[in-house]
Amino acid sequence: MLATAAGAARNAEKGHMNMLAREVAVARLRGIVGRDLRVLADEYGVTVFLSGRLNKGWAGLTLERFLGLSAGNKQIPDTKDWELKLVPLKRVGNMYVPKETMAITMINPEHLIDQDFEHSHLLHKLQSLVVCGREFENREEKHSRLVSVGTFDLANREIRKQVRKDYDLVRETLRSKGFEYLTGAMGVLVQPRTKGPGHGSTSRAFYARTGFLEVILGLR
DNA sequence: CTATGATCATCC
DNA sequence: GGATGATCATAG
């Protein structure tokens, strides 16, 4: 583990091996576009339903297994310096559009106050995304084809500027009013919204609104 | 318990 | 049907 972490650190310094790893991951994922992720989930033993209840992350976990990535609750897995995301897509005519928003990263109040946008988890994650789309049929989740694999790095100046504005708004609201005042109504491209196990948990995360998600997916 | 993988449920 | 808050399984 130490050797692996040290190697990852060296690669991060060179900024080369990890970039390559991301491209390799993209290539591997593109190799299974069209495959039914439900079948893959069964092959990897990923729980989809338990006692009639859905494991909402089943498809994402299935792709992690496919790539051999570590699961767990680390904010930045040392096995990669990029972020893998899988979003459900719905058909509208002959086009695919995001079924809903996409959670980006958890909001840590202390970190949000201490770090400006340039040093935020939000920016770092949005700068190195591998975004996949899967076809969402219905809540039965009988089948789900992997339909797209792409990358995103927040290169567009205008988009980046707006994301920074959203970040600053959330940050300023936290400073002046408090964590509890962070609501999903805030933000143009990115919004702060509750996320977590529920049942009283008060945690929040940054989400990409569907319009922004369309940009991220390269749909426009 | 919290963060990660996310989507569900409800309200308008 | 979209927007916002609530929640599910898993793993450390």
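Computed from heavy atoms alone, side chains included, the values below leave out hydrogens, waters and symmetry copies. To find a chain, count down the sequence lines: A is the first, B the second, and so on, and within it residues start at 1.
Side chain of A:Asp42 to backbone of A:Gly45: no donor-acceptor contact under 3.5 angstrom is found. Formation of a donor-acceptor pair under 3.5 Å by the A:Arg171 side chain with backbone atoms of A:Leu112 is found in this model.
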Tabulated below should be each protein N or O lying under 3.5 Å from an N or O of nucleotides 5-9 of chain C; please produce it.
{"from": "C:dG5", "atom 1": "OP1", "to": "A:Thr183", "atom 2": "OG1", "distance (Å)": "2.8"}
{"from": "C:dG5", "atom 1": "OP2", "to": "A:Gly184", "atom 2": "N", "distance (Å)": "2.6"}
{"from": "C:dG5", "atom 1": "N7", "to": "A:Arg193", "atom 2": "NE", "distance (Å)": "2.8"}
{"from": "C:dG5", "atom 1": "O6", "to": "A:Arg193", "atom 2": "NH2", "distance (Å)": "2.7"}
{"from": "C:dA6", "atom 1": "N7", "to": "A:Thr194", "atom 2": "OG1", "distance (Å)": "2.9"}
{"from": "C:dA6", "atom 1": "N6", "to": "A:Tyr207", "atom 2": "OH", "distance (Å)": "3.3"}
{"from": "C:dT7", "atom 1": "OP2", "to": "A:His199", "atom 2": "N", "distance (Å)": "3.1"}
{"from": "C:dT7", "atom 1": "O2", "to": "A:Lys56", "atom 2": "NZ", "distance (Å)": "2.6"}
{"from": "C:dT7", "atom 1": "N3", "to": "A:Gly196", "atom 2": "O", "distance (Å)": "3.3"}
{"from": "C:dT7", "atom 1": "O4", "to": "A:Gly196", "atom 2": "N", "distance (Å)": "2.6"}
{"from": "C:dT7", "atom 1": "O4", "to": "A:Gly196", "atom 2": "O", "distance (Å)": "3.1"}
{"from": "C:dC8", "atom 1": "OP2", "to": "A:His199", "atom 2": "NE2", "distance (Å)": "2.2"}
{"from": "C:dC8", "atom 1": "O2", "to": "A:Lys56", "atom 2": "N", "distance (Å)": "3.4"}
{"from": "C:dC8", "atom 1": "N4", "to": "A:Gly196", "atom 2": "O", "distance (Å)": "2.9"}
{"from": "C:dA9", "atom 1": "OP1", "to": "A:Arg53", "atom 2": "NE", "distance (Å)": "3.1"}
{"from": "C:dA9", "atom 1": "O4'", "to": "A:Asn55", "atom 2": "OD1", "distance (Å)": "3.3"}

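For the pair A:Asn108 CG and B:dC1 P, the computed distance is 18 Å after rounding to whole Å. In this structure, the CD atom of A:Glu64 is 12 Å from the P atom of C:dG12, given to the nearest Å. Between A:Leu213 atom CG and C:dG2 atom P the separation is 13 Å, expressed in whole Å. The nearest whole Å value for the distance from the CZ atom in A:Arg65 to the P atom in B:dT4 is 18 Å. C:dT4 atom P lies 11 Å from atom CE of A:Met186, rounded to whole Å. Taking atom NE2 of A:His111 as the reference point, atom P of B:dT2 lies 19 Å away to the nearest angstrom. Atom P of nucleotide C:dT4 and atom CZ of A:Phe212 are separated by 16 Å, given to the nearest angstrom. Between the CE atom of A:Met106 and the P atom of B:dT2 there is a distance of 9 Å, rounded to whole Å.
Among the heavy atoms of the strands, none lies under 4.0 Å from A:Arg204. Within the nucleic acid shown, A:Leu63 has no heavy atom closer than 4.0 Å to any nucleic acid atom.
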*Check step by step if side-chain contact (heavy atoms from CB on, under 4.5 Å) holds for A:Leu213 and A:Thr101.*
CA-CA 7 Å; A:Leu213 191 47; A:Thr101 56; 5.9 Å; no

*Kindly indicate, with the supporting measurements, whether the criterion salt bridge (charged side-chain N to carboxylate O under 4.0 Å, His left out) is fulfilled by A:Glu141 and A:Lys56.*
CA-CA 11 Å; A:Glu141 299 285 25; A:Lys56 300 176 180 179; over 6 Å; no

*asked:* Show, in sequence, the C-alpha distance, side-chain angles and deciding distance for A:Val170 and A:Leu174, and conclude whether the side-chain contact (heavy atoms from CB on, under 4.5 Å) test is met.
replied: CA-CA 6 Å; A:Val170 176; A:Leu174 170 62; 5.6 Å; no

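Between A:His121 and A:His111, the ring planes lie parallel to each other; the angle is under 30°, not in the 30° to 60° tilted range.
The shortest distance between the side-chain N/O atoms of A:Lys125 and the OP1/OP2 oxygens of B:dA3 is not below 4.0 Å. Listed pair A:Gln191 / C:dT4 meets the phosphate criterion, a side-chain N or O lying under 4.0 Å from OP1 or OP2.
Applying side-chain contact (heavy atoms from CB on, under 4.5 Å) to A:Thr105 and the options A:Glu83, A:His124, A:Lys125 leaves one that passes, A:Lys125.
Axis angle across the helix from B:dC1-C:dG12 to B:dC12-C:dG1, with five pairs used at each end and values rounded to 10°: 30°.
Both A:Phe136 and A:Trp58 lie near DNA chain B, and the one whose nearest nucleotide falls closer to the 5' end is A:Trp58.
Residue pairs that meet the side-chain hydrogen bond (donor to acceptor under 3.5 Å, both in side chains) test with at least one member in residues 146-161 of chain A, sequence neighbours left out, are A:Glu118-A:Arg160.
With a 6.0 Å cutoff to the six-membered ring centre and a 45° limit on the axis angle, A:Lys99 counts as a cation-pi contact of A:Phe136.
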